[in-house]
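Below is one structure, written out as C-alpha cells; the observations come after it.
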Amino acid sequence: MHMFNEQITIQDTVMVMNKRYKGHKFVQESRPFDTLIYVYKGMLDISVDDQTFRVPSKNLIFIPQNSYTVTDYLYKENAALCIGLKLCGGQRAAVQNPMVFELSTAAHAQALLLELIHSNLCSDRFFRIAKTYELLMAINKSSLHMDHQFARILPAYEEINLHYNKNVKISEYAKMSAMCETLFRKLFYAYTGKTPIAYRNFLRLTHADELIKYGDYTAAEAAEIVGFNNFSFFCREYKKLFGTCSSYRIRKT
C-alpha cells in the first residue's frame, strides 16, 4: 500500500526552511495545504489536533490540510524544511492522518531533501514540483520494502521510534503487534538487525548525542531526557557506539 497518492496533480509547492532556537513555539490554526516537514537538525514536538509527535532529525512528518498544529523547538539549534503541497481540484496527498517517517534507511528520499535544501529552495517552480513528485515516490518505495511479515511489527516499531524515551516492556510491544513475545523478538531482529531493547537504546544514544552536541545539556541531563536512568550504563553504551565518552560535553555535571 502506498503512503502517498501518486496520481495527484501538484500545481505548486511552498517551501520554507525554518531555523529556530530552543523554546520557540509556533501555532497554526489551520494549515492551508497538506504539508511535509523534514527535520534537518535538532528535534521538534509537533501537536496535530489531539495527537503529539516527537520528530527527531532525519525524520519527516506529514500533516494534513486544515489541521491545528503547535510546534515546539526542543534543541538549542533547530532547522526544518516545510513543503506545502498546492494540489488541483481538492485532491489530497495521503490518507488524512498525520504520519511520521523515519528516513535513516531511505537514502534516495534523504538525498532529494538535501538537494532541495542545498539549492536554496530553488525559485524554479518546475524543479520544485519535479523533486516533490520524486520525493513522494521515494517514500512510497521505501515503505514497500517492509514485506507482509515485517508489517506485523510496524505498530511496535513506530511506537519505539516515536516514544523511545519510555521504558515499555517487550511484552507490551509484542501485544501491540498482536503476536507472542518470541515471534516478535525474532521478526524485529530480522528487520532491524537489533533486539528491541538494543534498537531503542540506539535511538536514545543518537538523540542524546544530538542534545549534547547542539543543545545546552550535560551528558547526565541528556541521558535522563532520552530515558536512561543509570548514568554509568549510559556512558558505557555511549562509548561503545561513538568510541569515546569525551565527545562534545560528556560530563556528569
Side-chain angles (χ1 to χ4, degrees), residues 1-4 37-39 43-63 72 74 94-95 97-107 109-110 139-211 221-242:
M1 178 180 176
H2 286 163
M3 297 293 183
F4 291 104
I37 299 178
Y38 174 67
V39 181
M43 184 181 291
L44 311 182
D45 267 352
I46 301 179
S47 297
V48 184
D49 296 327
D50 59 347
Q51 300 180 74
T52 300
F53 302 87
R54 177 152 291 184
V55 190
S57 64
K58 308 302 181 287
N59 280 229
L60 178 145
I61 184 170
F62 167 75
I63 302 176
D72 289 293
L74 303 183
V95 293
N97 295 307
M99 298 181 288
V100 175
F101 300 92
E102 202 278 318
L103 299 181
S104 63
T105 59
Q110 282 203 66
I139 294 173
N140 278 345
K141 185 176 179 180
S142 69
S143 69
L144 291 175
H145 286 167
M146 181 179 277
D147 65 25
H148 176 69
Q149 66 167 340
F150 293 134
R152 296 177 62 189
I153 69 167
L154 189 58
Y157 179 77
E158 290 182 339
E159 172 65 20
I160 294 172
N161 276 281
L162 289 172
H163 303 116
Y164 56 83
N165 59 324
K166 294 184 178 180
N167 290 313
V168 178
K169 294 180 179 179
I170 301 298
S171 58
E172 291 299 311
Y173 290 137
K175 190 182 296 185
M176 292 175 196
S177 302
M179 65 181 72
C180 70
E181 187 174 329
T182 300
L183 179 58
F184 173 74
R185 287 177 182 272
K186 180 180 178 181
L187 289 178
F188 195 93
Y189 186 87
Y191 182 66
T192 66
K194 297 181 183 343
T195 66
I197 297 302
Y199 181 75
R200 187 172 70 190
N201 282 343
F202 172 77
L203 293 177
R204 289 177 173 183
L205 289 163
T206 54
H207 296 318
D209 184 59
E210 290 193 348
L211 283 171
E221 290 167 341
E224 183 177 356
I225 288 169
V226 301
F228 287 105
N229 52 25
N230 184 315
F231 184 70
S232 296
F233 176 73
F234 166 77
C235 283
R236 288 196 301 272
E237 294 301 305
Y238 187 96
K239 187 173 183 179
K240 286 179 186 177
L241 183 61
F242 297 107

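Values below: every heavy atom of this structure, side chains too, minus hydrogens, waters and symmetry copies.
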Between [atom1] of [X] and [atom2] of [Y], what distance do you get to the nearest 0.5 Å?
| X | Y | atom1 | atom2 | answer |
| --- | --- | --- | --- | --- |
| I37 | I46 | CD1 | CD1 | 4.0 Å |
| Q110 | N59 | CD | CG | 9.0 Å |
| N167 | E172 | CG | CD | 13.0 Å |
| Y238 | F231 | OH | CZ | 10.5 Å |
| F62 | M99 | CZ | CE | 5.5 Å |
| E224 | L211 | CD | CG | 12.0 Å |

Any donor-acceptor N/O pair, N161 side chain to Y157 backbone, under 3.5 Å
yes
Pairs meeting criterion salt bridge (Lys or Arg N to Asp or Glu O under 4.0 Å) with involvement of residues 182-203, two or more places apart:
E181-R185
Qualifying salt bridge (Lys or Arg N to Asp or Glu O under 4.0 Å) pairs with a residue from residues 45-60, counting only residues at least two apart or across chains:
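Pairs touching residues 45-60 that pass the test: D45-R54.
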Any I139 side-chain heavy atom under 4.5 Å of L60 side chain
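A side-chain contact under 4.5 Å exists here.
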Measure the shortest side-chain to side-chain distance between K240 and L205 over non-hydrogen atoms and say whether it is less than 4.5 angstrom.
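A side-chain contact is absent here, since even the closest heavy-atom pair is not under 4.5 Å.
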Determine the minimum heavy-atom distance between [X] and [Y], stating which atoms define it.
| X | Y | result |
| --- | --- | --- |
| P56 | V39 | O-CB, 3.5 Å |
| S177 | I153 | OG-CA, 3.6 Å |
| M43 | Y164 | CE-OH, 3.0 Å |

With a cut-off of 6.0 Å (strictly less than), are more than 12 heavy atoms of other residues, nucleotides or ligands near CZ of F202?
no
Chi angles and distances behind the side-chain contact (heavy atoms from CB on, under 4.5 Å) call for L241, T206
CA-CA 9 Å; L241 183 61; T206 54; 4.2 Å; yes
Please work out whether the ring planes of F188 and Y199 are parallel, tilted or perpendicular, with thresholds of 30° and 60°.
perpendicular
